[in-house]
Asks: 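One structure is given below, represented as structure tokens, and several questions about it will come after.
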Amino acid sequence: MTPPTPLIAGNWKMNGTGQALVEARAIAAAATDAGVRLALCPPATLLERMSREVAGTKLEVGGQDCHAEASGAFTGDVSAEMLAEAGAQLVILGHSERRAGYGETDAAVAAKASAALRAGLEPIICVGETRAEREEGRALAVVTGQIRGSLPAELAGKAFTVAYEPVWAIGTGLTPTLEDITEVHHAIRATLMDMFGEAGAAPAILYGGSVKPGNAAEILALPEVGGALVGGASLKAADFLAIVAGAPKA
Ligand code: PEP
């Protein structure tokens with residue numbers, strides 16, 4: 001099976017008003033190389049405008065979360081169908097800021113992944129251990145457990161992506177050793193193959209957590225690292241594009 005096309009996705013989190021669209025336009029203008037997929041996941045309020053402004057370019061647009069239901073009495077939530085109508089092609093699910101801050105369980109993430117498929121969105125499902133879990137030697141068990149719990153069976157054969165994001169590396173400037181990243185990515189791939197058979201070879205496995213222009217190339221060159229999920233460094237086109245420049249082309 002051919003290796004998945006690398007994906008570099010930016011997570012703007014709760015950052016960005018209309019003025020920030022200038023960064024998306026600059027990224028879209030540079031997104032011409034078919035060897036790497038590029039995506040930005042802005043706040044829901046910017047999704048429709050961003051999708052319109054980058055329409056016709058290679059920059060994909062995604063949401064940062066969705067509700068499991070298509071509609072209903074869920075004040076403040078946004079459904080996968082709403083994201084798709086606003087122009088999203090992807091959606092980040094199970095980010096550690098949502099698992100920790102909003103008590104999202106693996107089962108809740110799996111239900112959201114099913115909702116994303118229902119709406120025609122490609123889920124980017126995030127997993128990752130805390131600092132304490134790594135220090136206790138439980139990183140592999142935690143991450144593979146999250147994979148088994150957060151990925152519904154119906155993902156088999158569908159387009160989806162996994163992002164390994166150690167909680168302690170997000171927004172801290174800290175990153176695991178290259179050996180540790182490789183070890184976890186291999187364990188994720190083995191788990192995907194066990195769950196989905198040959199189809200488990202297809203999804204890209206992204207690394208996320210303090211990816212910057214200065215460390216991107218060495219991380220992106222690792223075996224089984226199929227791209228990056230980038231937080232802070234995705235807010236400025238120059239930083240994001242410098243990260244993209246370090247990606248090996250498919
Ligand atoms: C993230 O929020 O997914 C992330 C990886 O953030 P940062 O790149 O800022 O560590």
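First listed ligand is number 1; within each ligand, the first listed atom is number 1. Just so it is clear, the model here is predicted, and its values are computed rather than measured.
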Asks: Any nitrogen or oxygen of Gly171, main chain or side chain, under 3.5 Å from a nitrogen or oxygen of ligand 1?
Replies: yes

Asks: Side chains of Trp12 and Glu23: any donor to acceptor distance under 3.5 Å?
Replies: no

Asks: If the threshold is 4.0 Å, N to carboxylate O, is there a salt bridge linking Arg52 and Glu48?
Replies: yes

Asks: Side chains of Pro176 and Pro166, heavy atoms from C-beta outward: is any pair under 4.5 Å?
Replies: yes

Asks: May I ask you to decide if the ring planes of His185 and Tyr164 are parallel, tilted or perpendicular, using 30° and 60° as cut-offs?
Replies: perpendicular

Asks: Would you tell me which option among Gly231, Ala233, Ser234, Gly10 has the nearest heavy-atom contact to atom 6 (O) of ligand 1?
Replies: Gly231

Asks: For ligand 1, is His95 a contact, meaning one of its heavy atoms is under 4.0 Å away?
Replies: yes

Asks: Checking side-chain contact (heavy atoms from CB on, under 4.5 Å) against Leu178, which of Val225, Ile219, Asn215 comes through?
Replies: Ile219

Asks: For ligand 1, is there an atom lying under 4.0 Å from some heavy atom of Ala169?
Replies: yes

Asks: Taking only heavy atoms of Asn11, which atoms of ligand 1 are found under 4.0 Å from at least one of them?
Replies: 1 (C), 2 (O), 3 (O)

Asks: Pick one of side chain, backbone, both or neither for how Ile170 approaches ligand 1, counting any non-hydrogen atom pair under 4.0 Å.
Replies: both

Asks: Under a 4.0 angstrom heavy-atom cut-off, which atoms of ligand 1 come close to Ser210?
Replies: 7 (P), 8 (O), 10 (O)

Asks: Report the part of Ala163 (side chain from C-beta onward, or backbone N, CA, C, O) that has a heavy atom under 4.0 Å from ligand 1; answer both or neither where that applies.
Replies: neither

Asks: Can Glu69 and Lys112 be counted as an ion pair, charged N to O under 4.0 angstrom?
Replies: no

Asks: Do Met50 and Leu40 have side chains that get closer than 4.5 Å, going by heavy atoms?
Replies: yes

Asks: Answer whether the closest heavy-atom distance between the side chains of Arg49 and Leu21 falls below 4.5 Å.
Replies: yes

Asks: I would like to know whether Glu104 and Arg99 meet salt bridge (Lys or Arg N to Asp or Glu O under 4.0 Å); could you show each step before the answer?
Replies: CA-CA 4 Å; Glu104 283 190 10; Arg99 288 180 186 264; over 6 Å; no

Asks: Regarding ligand 1, does Thr172 bring an N or O atom to under 3.5 Å of one of the ligand's N or O atoms?
Replies: no

Asks: Just to confirm my output: which protein heavy-atom neighbour is closest to atom 9 (O) of ligand 1, and how far is it?
Replies: Gly232 N, 2.9 Å

Asks: Check each atom of ligand 1 against the heavy atoms of Gly209 and keep those under 4.0 Å away; list them by number with element.
Replies: 5 (C), 10 (O)

Asks: Would you check whether Leu229 has a nitrogen or oxygen atom less than 3.5 angstrom from a nitrogen or oxygen atom of ligand 1?
Replies: no

Asks: Which residue and non-hydrogen atom of the protein lie closest to atom 5 (C) of ligand 1, and at what distance in Å?
Replies: Glu165 OE2, 3.0 Å

